[in-house]
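Report on the following structure.
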There are 2 protein chains.
Amino acid sequence: MPALRADAARSRARILEAARALPPDGIRHNDLARDTGLGVGTVYRHFPTVTSLLEALHRDALGELVAVARDAASSPSPGKAFTDLVKTGAELQLSRDGLQAVLVAKDVSPEVRALREELLDLSAVALDAAVRDGQVRPDVSIEQVQRLVCGVEHAVRLGDGHDRDLLLGVMIAGLRP
Amino acid sequence: MPALRADAARSRARILEAARALPPDGIRHNDLARDTGLGVGTVYRHFPTVTSLLEALHRDALGELVAVARDAASSPSPGKAFTDLVKTGAELQLSRDGLQAVLVAKDVSPEVRALREELLDLSAVALDAAVRDGQVRPDVSIEQVQRLVCGVEHAVRLGDGHDRDLLLGVMIAGLRP
DNA sequence: CCTTGAAACGGATGGATCATCCACTTGAAG
DNA sequence: CTTCAAGTGGATGATCCATCCGTTTCAAGG
């Protein structure tokens, strides 16, 4: 794809900025148009779907997570590395409202799909190492852990967010053999 | 409130029946009107909001849960009674799509609000007994357990539902001291 | 500079969905 | 059989969505 024209790049940035100020389940193309002073058509041109906008907002977080997973996959202390990975994932999801949708959505760009696959592969290696080290029960898959993290995020969000560490701690304790 | 007229009772029943065939997040008054052959106005008259309809659909499940909690609150084996209560709650929520909304929604009828309060009070007694018996860690509140159950439900629903017991097992294991 | 064509923009507009309102019908009490 | 409160239906205006295309802007080549 050819580079964006100057005005287009400016519009794109303005839309993303306005979107950051909105709750992710309250994103309306029309509102973004009003907030940015752009036309609705322009907003749709840049982000045809809400999902595509969420992807753009959180691709960086996804990259971060992949990096952490890569480190965890080859850590000398697999147990701690894995629980740290889980914690990082949960904290990132909680600080980035809308990230869970990107991690879980079905209609997602090939680029994000590839990143997610890489994340899962690396995390699977880290999980495997932790299991072999006797730090994690052997009967859970990496997909299941990922879904549990989403579940904890959900539980924390139902409250005021103050018990993030406690709830996450319960789940991590439950993962021990 | 005076007793329903015969035709009204019939309409109400038809609406509830049709609603049961729909995913709870896909309930539209207009669809229910089409499916039942009633007018839209009639559907709105019986259930002004989607929440009111969900309440009607799941009030019985809420009652069931209160009964189980009442037993658990005075059980001779508090540890098992409490984990059984948690399991029952989770299974009920998973078998009744939409029940979580009733347990958690903010704009809820006084009747349901009272039931929820009763459920929490009884569960708190059961939790307390389990803690004193050394079966459950003492640093979690009953509200937190309830939210964790909602989280597990979320995690199970993200998958195909086959690992319900495993994921629930992880959480329950995490609740031990 | 100009020219030119592709890229980007804007917003009017048709389509969909929502929920209200009120004229009409039905049930049941006396 | 009357009466009227309760119940019903669906036309309708309000709101929200997303497309389409005429206009404007950018930047590459002359």
Any donor-acceptor pair under 3.5 Å linking the side chain of A:R14 with the backbone of A:T36?
->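 Checking the backbone N and O of A:T36 against the side chain of A:R14, a donor-acceptor pair under 3.5 Å is found.
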Side-chain donor or acceptor of B:H29 paired with backbone N/O of B:F47 under 3.5 Å =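 A pair under 3.5 Å: yes.
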Pair assignment for DNA chain C - dot-bracket with | for other-strand partners, Watson-Crick or G-U under 3.5 Å | ||||||||||||||||||||||||||||||
Protein-to-nucleotide contact annotation, 5' to 3' order, nucleotides 19-30 of chain C [B base; S sugar-phosphate only; - none; under 4.0 Å, heavy atom] = BBB----BSS--
If I take atom [atom1] in residue [X] and atom [atom2] in nucleotide [N], what distance separates them, rounded to the nearest angstrom?
X: B:I15; N: D:dG7; atom1: CD1; atom2: C1'; result: 11 Å
X: A:R12; N: C:dC9; atom1: CZ; atom2: P; result: 12 Å
X: A:L38; N: C:dA7; atom1: CG; atom2: P; result: 20 Å
X: A:L32; N: C:dG10; atom1: CG; atom2: P; result: 14 Å
X: B:R45; N: D:dA5; atom1: CZ; atom2: C1'; result: 10 Å
X: A:R14; N: C:dA8; atom1: CZ; atom2: C1'; result: 13 Å
X: A:F47; N: D:dA18; atom1: CZ; atom2: C1'; result: 16 Å

Compare side-chain N and O positions of A:R28 against OP1 and OP2 of D:dC17 and report whether any pair is under 4.0 Å apart.
->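 Indeed, a polar side-chain atom of A:R28 lies that close.
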Residue-phosphate contact under 4.0 Å: A:S11 side-chain N/O, C:dA8 OP1/OP2 |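 For A:S11, the contact criterion (side-chain N or O under 4.0 Å from OP1 or OP2 of C:dA8) is not met.
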Verify side-chain contact (heavy atoms from CB on, under 4.5 Å) between A:V156 and A:H162, making sure each step is shown before the conclusion.
-> CA-CA 8 Å; A:V156 173; A:H162 283 321; over 6 Å; no
Are there more than 12 heavy atoms of other residues, nucleotides or ligands under 6.0 Å from atom CD of A:E17?
->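 Atom CD in A:E17 is not crowded, with 12 or fewer foreign heavy atoms closer than 6.0 Å.
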Report the C-alpha separation of A:Q135 and A:T83 in whole Å, then their side-chain angles, then the decisive distance to 0.1 Å, and conclude whether the side-chain contact (heavy atoms from CB on, under 4.5 Å) test is met.
-> CA-CA 9 Å; A:Q135 303 294 307; A:T83 62; over 6 Å; no
Between B:D60 and B:R96, is there a side-chain N and carboxylate O pair less than 4.0 Å apart?
->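 The answer is yes: the pair qualifies as a salt bridge.
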Is it true that A:R147 and B:D163 make a salt bridge, defined as a side-chain N closer than 4.0 Å to a carboxylate O?
->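 Judged by the 4.0 Å cut-off on N to carboxylate O distance, A:R147 and B:D163 do form a salt bridge.
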For B:H46 and B:L16, run side-chain contact (heavy atoms from CB on, under 4.5 Å): C-alpha distance rounded to whole Å, both residues' side-chain angles, the deciding distance at 0.1 Å, then the answer.
-> CA-CA 10 Å; B:H46 282 280; B:L16 286 172; over 6 Å; no
Going by heavy atoms in the side chains, are B:E118 and B:R70 under 4.5 Å from each other?
->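 Yes, their side chains come closer than 4.5 Å.
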